[in-house]
Structure formats: C-alpha cells, structure tokens
Protein chains: 2
Amino acid sequence: MTSKRRKPTIDMVARQSEVSKTTISRFLNGKYEYMSEETRNRIQRVVDELNYRPNNFARSLKSNRSGLIGVVVADIASPFSSILVKGIGDLCNERGYQIITTNTDEDPQKERDYLESLVGGEMVEGLIVNTTGMNDDLLSQLGHQGIPIILADRAMEHLEFDTITNDNYSMTRNALKHVVDSGFEHVAFFTQQIGRNSARRTRFEAYLDFFEFEPNTAPFVYELDTNDSQGVRKAIEHFRQRTNGRPAAIFAVNGVVSLAVLRSIAELGLHMPRDIGLCGYDDWEWATLVPPGITSIEQPSYEVGVEAAKRVIARIKGLKAKPKLIELPSTLRVRGSTKLK
Amino acid sequence: MTSKRRKPTIDMVARQSEVSKTTISRFLNGKYEYMSEETRNRIQRVVDELNYRPNNFARSLKSNRSGLIGVVVADIASPFSSILVKGIGDLCNERGYQIITTNTDEDPQKERDYLESLVGGEMVEGLIVNTTGMNDDLLSQLGHQGIPIILADRAMEHLEFDTITNDNYSMTRNALKHVVDSGFEHVAFFTQQIGRNSARRTRFEAYLDFFEFEPNTAPFVYELDTNDSQGVRKAIEHFRQRTNGRPAAIFAVNGVVSLAVLRSIAELGLHMPRDIGLCGYDDWEWATLVPPGITSIEQPSYEVGVEAAKRVIARIKGLKAKPKLIELPSTLRVRGSTKLK
DNA sequence: TTGTAGGCGTTATCAT
DNA sequence: ATGATAACGCCTACAA
C-alpha cells in the first residue's frame, strides 16, 4: 500500500518535460503566453501523469501568502458559533481561502495561546475572533504587527478593529417592549457571568436603560451558573416571590441561559406564560415545539460570519479604512411564552 | 498603525545576538546542551526583544511537517458535526496540531475539491473525513499516495481506512426492541435519502433484520425530503391509516428527520405516544422539554472525534496496522414518546 | 561550544 | 519562447 514514492516536485516535472523549472512555474501560474502550444501540452501531460501538485509551503515561503485565515471561537459546539463558522467557511472558500478553526472554550489563556500560535509563524493571513473579551491587549498588539483582525459578534472595549455584531442594544429593547406591552409587569434579567463579554454587557445595558434602573439597584438581575440547576430554580422562585403574583417574565441573555431556565421551569412545574413568561436570545428550530412556543430572538449568525470573512479578506487585500462597527439586524420571534392572553 | 516592519527572521536574531543562525536554530529547538548559559540568555533576550517567531512555512518546507490536520465534515452546522469537530480540535491541539475545517454540505463535488486541495499541496499531514460516501475512489487514491486518512462516523464500502463510528447496528436493534416491548405493534422507518450514507444504511439494515423484512417489501419505509413538510405530514398520515388504530411508532434515522417528524406531529395535532410513538437518532439537550419527552439515541460524537484524532496522529507518527473499525457505544434515552404505559 | 554551507520547492529577475 | 540563478527562512550535516 501507501506507496512511499516521494511527491513529485517541479524539478521532476521539468526533467520529464525536458524544459526548465522556470517554464513549469510559468505553466503552473497560467502564464501561457510565454510558451509554445506544444510545450504547454507536453507539460500538461507530464503534470497529469505524475499527478503533480505544487507544494504550498514552498509557495507560501516565497510569496508570504498562506491562503489561510485563522478563526478563534469561544465555543464551536454552540449553534451560534457553528453557524458562524459555516458562514465564514463558505465565503472564504469561495474566495480561495481555507480556515483554521480553534476553540477557546471561553478560556482567555487558550485564546492567547491560539492567537499567538496562529499569527506567530506567519501561519495565517488574517484573523476572525469571537473573543472572550479578556485579551484586548494582545489583540491590539497583534493588530499593530500588521495582521488584519476582525471581531465577530463580540466587540472589544474600544473600536480598534472592524466588528460585526447584531443589533443587541435595540433588539433587546424591542423585546423588552414587547414583553411589557404584552402585560408583564416585571421582567427579570437572567444571565451568565457578564464579565467582559460585550454581547452580554450590551444587552444588560439595554435592559437597565429600558427600565431606567440604576446599575446596582436593579431589582431583578440574576447572574448565574447555568450548570447549577438548583441555583437556577432558586433564582426563578426568588423572582416569583418578589413579584408577588403579578405577571412576571424572564429575559434570558443567551441560548444557554434560556435552556437552563426552560429546564428549571419544567422541573418546578410552572406554566408558561401564566406562572412565568420567557423571552430571550437565541432562536432554535425547536422553539415552536416546547409548549407554548418560546419567544426568542434570532441572530443572523451565518451572515455575521459571511460579513466578517468578507471584511477580513478585504483587509488582507489591502483595504485601508477606519475600523467600523457593523450591526446586522436580528429578528424577534413572538410565540406563546410571552402571550399573556 | 500597522507597523510595516518586516517580521524578524532567524538571521536578524543571529546578527543581534552575535552568534550564527545555527546556534539560534538550536536554541529554538531547545538544544540547550550545545551552548553556554550566557549565549542562551543573550539569545533569549534578543528573541523577546524582537518578538521573534520562527516562520512555519520555512519549517514545514524543510521538515515536511505542517502540524496541520484536515477535517472534512458534511455539515458543520449540525450538532453532531460541531461536537465531532470539537472533539477533534481538543485532541489535536493537545498534541500540537491545528485543524483546517472544511464543510461539504453533503455535496460530493465539494468534497472532492476540498480533499484535493487539502492534500494537494502537502497542506495537511493527515485527514479526518465524514464522507458523503460518494468519493470512495478518490479517498482510496489519496490513501495510496500515503496520506493517513481516518473516517469519522461514516464508513466506506470497504474497510480501507481506520473508521470510528458508533454501534449503529446493535443500537438500532436495541431501540426497536424497546419500542416493540413497549407495546407498539408497528414501527415505521423514516429516513432521508439513504444513498451511500453508511450510517443510514446500517440503521436501515438493522431495521430490516430486526423485523425480518425483505429489502423491498418492508411495509413502512418512508424516504423523505425533510424540507417538504407536507410530504412528511402525508407520510405520517399514510402510516397511521395503514396501521389502522393499532399502536404505531416511528423510528427516525437521524436528528434532522426526528425534528421534521416532531414538527409534523405537532401540526397534525397528534398526541404522543397515544396517537403515534417516536424514537430515533440524536439526542438533544431539549429532548426532555418537548412533551412527553422524546426517546432518542445519544451518539458519542465528541468521543468519535477524539478517537479519530488520536488515530490519525498515530498514523502520522508512523503506526502501521490493518485498518480497523472502532465502534463506540451510544446510549438509548427512554422518555415519554415511547412509553405506551 | 559554535560556525559554514547546502538544500527544502517555488518564484522572480535577468539573460539568451 | 526558454533558461540559469538567486532568493524566501529554516534546519542539519559536517567542520572547527
């Protein structure tokens, strides 16, 4: 099996075709105007015969272009990220780039390691990062070294790179308005640790602003560990007690939280929307199947990926422009969980 | 911004440290026994100062090792694949490899293109493929060229490469046994086009064998287009008519089909398990939330990824062994949709 | 302990 | 229309 014949090189092709490697190189790069019809055919034949493919590393070494784009996501297993990656991949491939995907698991240290290893050795020509938010300095530094960087979904503290997100602020307000208009008198904000995650921060701000709460005196903010189901249940019960039978709804900051809340609601045997309303980020294919249907916000993750990829390629090709924030519109899907009647 | 200073090379480091590139190279590869404490420190200082990183392409060119593993999946956006990729990524990174992920969208042509472009230019050292099943020849050929290939989840017609899947055959039988034991008298097999997809084929075989049906006379096999919701509804109604009020259940070949069936069941206003039972592949985090809970089979996708990665790295490192089929155990999660009481 | 020189496979410059 | 040759940045005999 596995024939150990070394891969053919441009030299072998040259020898077999009885021309110099220069000519082969020209052939490979489509510069046919520099050779006779006959030579061209002969080379073609030899190339096919040997099944020759130019070595990318030699090419990259020479040209300083790898055709590789680095993608750093926080959690590839989440629907949001995997669709994001799909969008990135589709566009990149269309444009002749391949992507190297790395997964940080929301761990800033891993993020640092990947960033450094990706750009370190000239490996990638550009970077699309869904950052933990804890490495602004490093990103900044890499940016200064000249590598194009695009932020996907999550922004940095300062707008230093092109950033593709969705309309977190306005859509959160829209959703809250919808909930209030539906008759809910109290709305809690359920979130994972906010930290430096820009999406969560923005949504939280929108929540505070909408209800005109002061940052630290907002009554119904629950920052929880979604793996601690008991904690989630307690939070829900606490919220319900405090609202004292008045119509109350939960706004979930993202899909992970929504799911945890849903699970706890089921465990507590509560009825939506009568006992508790629910609305929040991340729409799923099954959102209609869980009674009474879950009102949720659908993010344009595929499009975010596509835009990010377009932008990074534009930068690679030399686009000079001030860093820009691009907000793609998301969609509110109203379903039973917020229909109070 | 973007300082255009060229990246430092080993030469510059050598000059600044006032030693030869050889010594620098030794330093970079940790061969400290060949230099004095002092030289070593001096070099370290210069490296830090220049923020020097060796160029991977030059290294790869020289060593013929890229540290890259190609991953070809059929649908990165599906939970199954994204978790698979996560498993692959985690293991590869632990072992110092990066992965290039490509997404075929179940398109054999794209699959061919990616395979060729990945191995073509020496780009990757090994390949993990979740194949459409339509490119056995090409895979075979690439294998003969000497590149390690591992198949993840889906096998080829002949066992030519290490293949990591799960126990499709036995688990399908288990699940069917469970359904029958629960009192369902008829079980239909709902599937997407089977084609050359080995997972689907195996599950189908298990179904036929279990009920001792002849391939073409099995009464309740529905091969459908899951995007055609009307088609799915019709299939369900057809099945129910034919079973004439006797307890009947659907076995769904994968998560996409399960979801389509669930949606149709809801649209038809059927009650599970009374009007129809459901059981099938792919367990989700939300399977308990859709009443009465969906009985399903949880595949070890993360582990499949990890095993595939281990294996491909072992092959890269020179492991010679007959191709092996590794079946990882999956788990049947029994819930309300098959509890006839 | 350190250095010299040649080569990995391509491409680009300058000849012919 | 075609070739010789020198890079690209790194590694590794072989020397010293």
Side-chain angles (χ1 to χ4, degrees), chain A residues 5-44 46-47 50-68 117 119-125 145, chain B residues 5-44 46-47 50-68 117 119-125 145:
Chain A
R5 253 187 12 245
R6 288 194 50 54
K7 282 209 81 179
T9 73
I10 201 173
D11 264 307
M12 306 162 98
V13 181
R15 223 167 305 135
Q16 290 230 19
S17 331
E18 300 177 287
V19 292
S20 76
K21 8 187 247 172
T22 310
T23 307
I24 307 295
S25 177
R26 292 203 180 99
F27 172 89
L28 294 173
N29 297 314
K31 303 184 175 168
Y32 303 128
E33 60 275 26
Y34 290 105
M35 70 198 71
S36 68
E37 190 68 18
E38 202 227 304
T39 330
R40 177 174 166 180
N41 293 140
R42 193 148 29 91
I43 298 179
Q44 184 63 264
V46 176
V47 164
L50 269 50
N51 191 10
Y52 164 79
R53 306 301 208 115
N55 178 313
N56 272 315
F57 296 115
R59 279 194 155 161
S60 296
L61 180 57
K62 192 64 194 162
S63 65
N64 245 318
R65 302 196 345 99
S66 64
L68 258 25
S117 105
V119 303
E122 303 275 79
M123 189 76 109
V124 299
E125 293 184 47
Q145 285 177 213
Chain B
R5 254 187 9 246
R6 289 195 49 53
K7 282 208 80 177
T9 75
I10 201 174
D11 262 310
M12 306 161 104
V13 181
R15 222 165 307 132
Q16 290 229 19
S17 331
E18 300 178 285
V19 292
S20 76
K21 336 190 281 174
T22 311
T23 307
I24 308 296
S25 177
R26 292 203 182 101
F27 172 87
L28 294 174
N29 297 316
K31 303 184 176 167
Y32 303 129
E33 60 275 28
Y34 291 106
M35 68 197 72
S36 68
E37 189 66 20
E38 202 227 304
T39 327
R40 178 174 167 181
N41 293 141
R42 191 147 30 90
I43 298 180
Q44 184 61 266
V46 177
V47 165
L50 298 179
N51 192 9
Y52 165 79
R53 305 300 208 117
N55 178 314
N56 272 312
F57 296 114
R59 278 194 156 159
S60 296
L61 180 56
K62 188 70 192 163
S63 64
N64 245 319
R65 303 194 345 102
S66 64
L68 258 26
S117 104
V119 302
E122 303 274 79
M123 189 77 107
V124 299
E125 293 183 46
Q145 286 178 212

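Just so you know, these numbers use all the heavy atoms, side chains as well, and skip hydrogens, waters and symmetry mates. Throughout, protein chains are lettered first and strands after them, A, B, ... in sequence-line order, and every chain is numbered starting at 1.
Put simply, CZ on B/R40 is 14 Å from C1' on C/dT1, counting in whole angstrom units. The CD1 atom of A/I24 sits 14 Å away from the C1' atom of D/dA1 (whole-angstrom rounding). Between B/E122 atom CD and C/dG9 atom C1' there is a gap of 10 Å when expressed in whole angstrom units. Taking atom CG of residue A/N56 and atom C1' of nucleotide C/dC8, one finds them 15 Å apart after rounding to whole Å. At whole-Å resolution of the value, CG in B/D11 and C1' in C/dG6 are 15 Å apart. One atom, CZ of B/R65, and another, P of D/dC10, lie 17 Å apart when rounded to the nearest Å. Note: CG (A/L50) to P (C/dG9) measures 14 Å, nearest angstrom. Atom NZ of B/K31 is separated from atom C1' of C/dT2 by 14 Å (rounded to the nearest Å).
Here D/dT2 is the nucleotide among D/dT2, C/dG3, C/dT11 with the atom lying nearest to any side-chain atom of A/Y34. Across C/dT11, D/dC10, C/dG3, the shortest atom-to-atom separation from the side chain of A/K62 is found for C/dT11. Out of C/dT2, D/dC10, D/dG3, the shortest distance to the side chain of B/Y52 is found at D/dC10. When distances run from any side-chain atom of B/T22 to the nucleotides D/dG3, D/dT12, C/dT10, the shortest one goes to D/dT12. For B/T39, whose side chain is taken as the heavy atoms from C-beta onward, the closest listed nucleotide among C/dT1, D/dC10, D/dA13 is C/dT1. For B/K21, counting side-chain heavy atoms from C-beta on, the closest listed nucleotide (C/dT4, D/dC11, C/dT10) is D/dC11. Picking from C/dG3, C/dG9, D/dT5 the nucleotide with the shortest atom distance to the side chain of A/I10 gives C/dG9. The side chain of B/T23 has C/dT2 as its nearest neighbour among D/dG3, D/dT12, C/dT2. Closest approach to the B/M35 side chain among C/dA12, C/dA5, C/dT2 is made by C/dT2 (side chain taken as heavy atoms from C-beta onward). The nucleotide whose nearest atom lies closest to any side-chain atom of A/L61 is, among C/dA12, D/dC8, D/dT2, D/dC8.
Close to D/dC8, at under 4.0 Å from its OP1 or OP2, lies no side-chain N or O of B/N55. Distances shorter than 4.0 Å separate none of the side-chain N or O atoms of A/R59 from OP1 or OP2 on C/dG9. Neither OP1 nor OP2 of D/dG9 sits under 4.0 Å from any side-chain N or O of B/T9.
Atom CD of A/E18 is surrounded by 12 or fewer heavy atoms from other residues, nucleotides or ligands within 6.0 Å. Few gaps surround OH on A/Y32; more than 12 heavy atoms of other groups in view lie less than 6.0 Å from it.
In terms of modelled atom types and a separation under 3.5 Å, the side chain of A/K7 and the main chain of B/G120 share a donor-acceptor contact. When atom types are taken as modelled, the side chain of B/R26 and the backbone of B/K31 share no donor-acceptor pair closer than 3.5 angstrom.
When heavy atoms are screened at a 4.0 angstrom cut-off, B/S25 is found touching base atoms of the nucleic acid. Using a 4.0 Å heavy-atom distance criterion, B/F27 is classed as making no nucleic acid contact. Backbone-only engagement by A/E18 is indicated by non-hydrogen atom pairs under 4.0 Å involving sugar-phosphate atoms exclusively.
Judged by distance alone with a 3.5 Å cut-off, no donor-acceptor contact links the side chain of B/R53 to the base of D/dG9.
The distance from atom CZ of A/R59 to atom CG of A/N29, rounded to the nearest 0.5 Å, is 5.5 Å. A distance of 8.5 Å separates OG of A/S63 from CZ of B/F57, quoted to the nearest 0.5 Å.
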